[in-house]
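Order of the sequence lines sets the chain letters (A, B, ...), proteins ahead of strands, with each chain counted from 1.
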Number of protein chains: 2
Amino acid sequence: MTDDRSTELIGTYSIPQRCQHNPTVTCSDCRLGELCLPIALDSIEINQLDTIVQRGKPLQIGDELFHEGATFNAIYAVRSGSFKSYKLFAGGGSQVTGFYLPGEIVGMDGISSLTHTVSTVALETSSVCEIPFKRFTELSLKIPSLQNRFFRMMGKEITSDQQVRTLLSVKTAEQRVAALLLSLSTRHQRRKLSATRLRLPMTRADIGSYLGITIETVSRVLSKLSKQGLIKLDQREVEICKFNALQELVMEKP
Amino acid sequence: MTDDRSTELIGTYSIPQRCQHNPTVTCSDCRLGELCLPIALDSIEINQLDTIVQRGKPLQIGDELFHEGATFNAIYAVRSGSFKSYKLFAGGGSQVTGFYLPGEIVGMDGISSLTHTVSTVALETSSVCEIPFKRFTELSLKIPSLQNRFFRMMGKEITSDQQVRTLLSVKTAEQRVAALLLSLSTRHQRRKLSATRLRLPMTRADIGSYLGITIETVSRVLSKLSKQGLIKLDQREVEICKFNALQELVMEKP
DNA sequence: GGTAGTGGTTGATCCATATCAATTTTGGTC
DNA sequence: GACCAAAATTGATATGGATCAACCACTACC
């Protein structure tokens with residue numbers, strides 16, 4: 001999944017010309033195209049988008065894509081691997097605010113204030129397409145379907161944030177964990193990958209922080225779901241055995 | 001605050017020509033202009049925006065602006081009064097997902113799927129400017145600063161949603177209530193109103209649902225804050241006596 | 001002005017999850 | 001393959017807020 005690119009540019013954060021890293025990949029032949037921005041664009045428009053997208057930028061585990069407080073310049077489409085966003089607290093400690101998988105856009109947190117409100121790091125070896133936001137908005141003015149597409153993607157971020165909020169305010173620990181597993185499964189499936197087998201790229205601590213529960217509770221809940229036969233668990237490998245049962249669990253009243 | 005408009009159009013949901021209700025108000029002389037979309041537009045652009053905005057639509061307490069599941073057609077700028085958005089659960093019960101005050105945009109939940117994911121009702125006598133979304137996006141293509149402004153407003157919705165999520169996952173009941181009071185105060189202040197005195201337009205049940213705590217806990221926390229002298233409380237009237245102390249409370253580690 | 005309904009407060013008890021603590025497993029490195 | 005740090009699991013205890021219950025305040029309506 002993450003092994004088809006060299007790593008020559010690790011740590012290099014500005015790429016003078018596009019495609020230094022993997023010159024053959026363009027938006028039009030990217031297999032994520034239908035998840036990412038290019039959907040609904042015709043081939044000429046995709047080429048226009050292509051000219052502003054900066055590829056490459058492979059990151060290793062723990063490498064930072066952008067930092068809380070940094071000036072907002074670009075949004076990033078995840079190409080491979082995965083990322084987490086998190087916020088630091090004044091008194092120490094942090095809160096994971098989101099996980100980002102291939103085809104998803106990270107960095108929208110900076111649009112409103114032109115400053116990133118969260119930090120984002122790679123959870124494994126990962127790569128992104130950097131989309132300079134100013135040039136992107138200019139292009140959006142010329143391509144109505146691109147503007148429309150991006151409005152929709154931002155809208156999606158809003159509604160999914162609200163879903164997480166619902167999860168956090170009314171659901172039990174068990175329901176939260178189940179909901180996360182289902183969400184990861186669904187997002188896997190969108191990429192034509194197995195809906196039932198997945199590898200958690202994040203630690204239990206990340207999961208707990210994201211779901212507002214402790215590591216211990218995450219661990220206990222996973223053990224319980226495993227004992228009940230709803231999932232099979234081997235470290236970070238998860239197999240969802242009873243998808244429907246998990247869904248019902250999430251739907252139940254808390 | 002909500003008494004300077006007649007109520008002749010209550011219940012009328014389509015307004016053939018703009019300004020039937022209060023013909024004298026336009027975006028350019030609206031005192032909310034600097035909070036709402038028109039900011040950063042020149043006078044010609046504001047007039048263009050004006051032509052697509054449909055005013056009027058005063059709603060009484062409990063009147064629905066749009067319903068969960070309804071087709072998404074427009075976003076709404078709150079002109080006066082206040083609204084709550086909420087989601088219904090399958091097994092009964094509901095979850096308040098947001099409160100909207102004058103100058104704020106409600107309805108963005110429908111942008112991604114073209115279907116509203118929440119219902120929105122007036123918490124008191126209120127009025128909105130209806131902005132048909134299709135025409136709005138078309139206009140945005142012609143007015144870069146309008147597109148930019150709206151990207152920013154959506155970005156703001158995303159970051160504020162994330163703030164609420166942080167609140168819900170790591171803060172105590174006391175901190176949640178304090179944070180809501182501060183948020184309402186800040187939003188009051190933006191409208192050049194008192195930062196220290198405000199009237200809660202929502203019930204304790206709404207507050208509890210929004211913050212993920214029970215009515216009883218809301219009540220107890222408010223009583224406690226009142227006893228501690230941080231606020232004064234008379235029914236729904238709140239006076240914030242020690243703004244800084246409240247802020248420190250929110251910042252504290254849970 | 002009595003009554004019903006809605007919203008709000010306060011008290012007593014209980015439980016889901018946090019916290020504290022100990023142990024095991026894993027992965028990386030010399 | 002021994003050692004170490006980080007991650008994960010499991011158990012025992014503590015607690016914040018939910019739940020259950022009783023009561024009060026206000027408004028509306030006959």
How about A/Phe99 and A/Phe83: are their ring centres within less than 6.0 Å of each other? no

Could you state the CZ-C1' distance from A/Arg220 to D/dA7, rounded to the nearest angstrom? 15 Å

Classify B/Leu222 by what it touches in the nucleic acid, base, sugar-phosphate, or nothing, heavy-atom distance under 4.0 Å. nothing

In this structure, how many angstroms lie between the C1' atom of D/dT10 and the CG atom of A/Leu233, rounded? 14 Å

Among C/dG8, D/dA8, D/dG17, the nucleotide that comes nearest once only the side chain of B/Ser219 is considered: C/dG8

State which of D/dA18, C/dT19, C/dT9 makes the closest approach to the side chain of B/Thr217. D/dA18

Side-chain contact check for A/Glu216: nearest option of C/dG7, D/dG11, C/dA18 is D/dG11

Applying a 4.0 Å non-hydrogen cut-off, can you work out what B/Arg236 is touching in the nucleic acid: base, sugar-phosphate, or nothing? sugar-phosphate

B/Gly212 near the nucleic acid: base, sugar-phosphate alone, or nothing, with a heavy-atom cut-off under 4.0 Å? sugar-phosphate

Salt bridge flag under 4.0 Å for residues B/Glu174 and B/Lys224: yes

Over all strands shown, is B/Thr214 touching base, sugar-phosphate only, or nothing at heavy-atom distances under 4.0 angstrom? base

Euclidean distance, atom CZ of residue B/Arg199 to atom P of C/dG7 [Å, nearest integer]: 13 Å

For atom CD1 of A/Ile215 and atom P of C/dT17, their distance in whole Å: 17 Å

Electrostatic pair B/Lys171-B/Glu252, nearest N-O below 4.0 angstrom: no

Just compare D/dG17, C/dT17, C/dT10 and give me whichever is closest to any side-chain atom of B/Thr172. D/dG17

Does a side-chain N or O of B/Arg204 approach OP1 or OP2 of C/dT9 to a distance below 4.0 Å, or not? yes

Counting side-chain heavy atoms from CB outward, which of D/dT9, C/dT9, C/dA18 is closest to A/Ser223? D/dT9

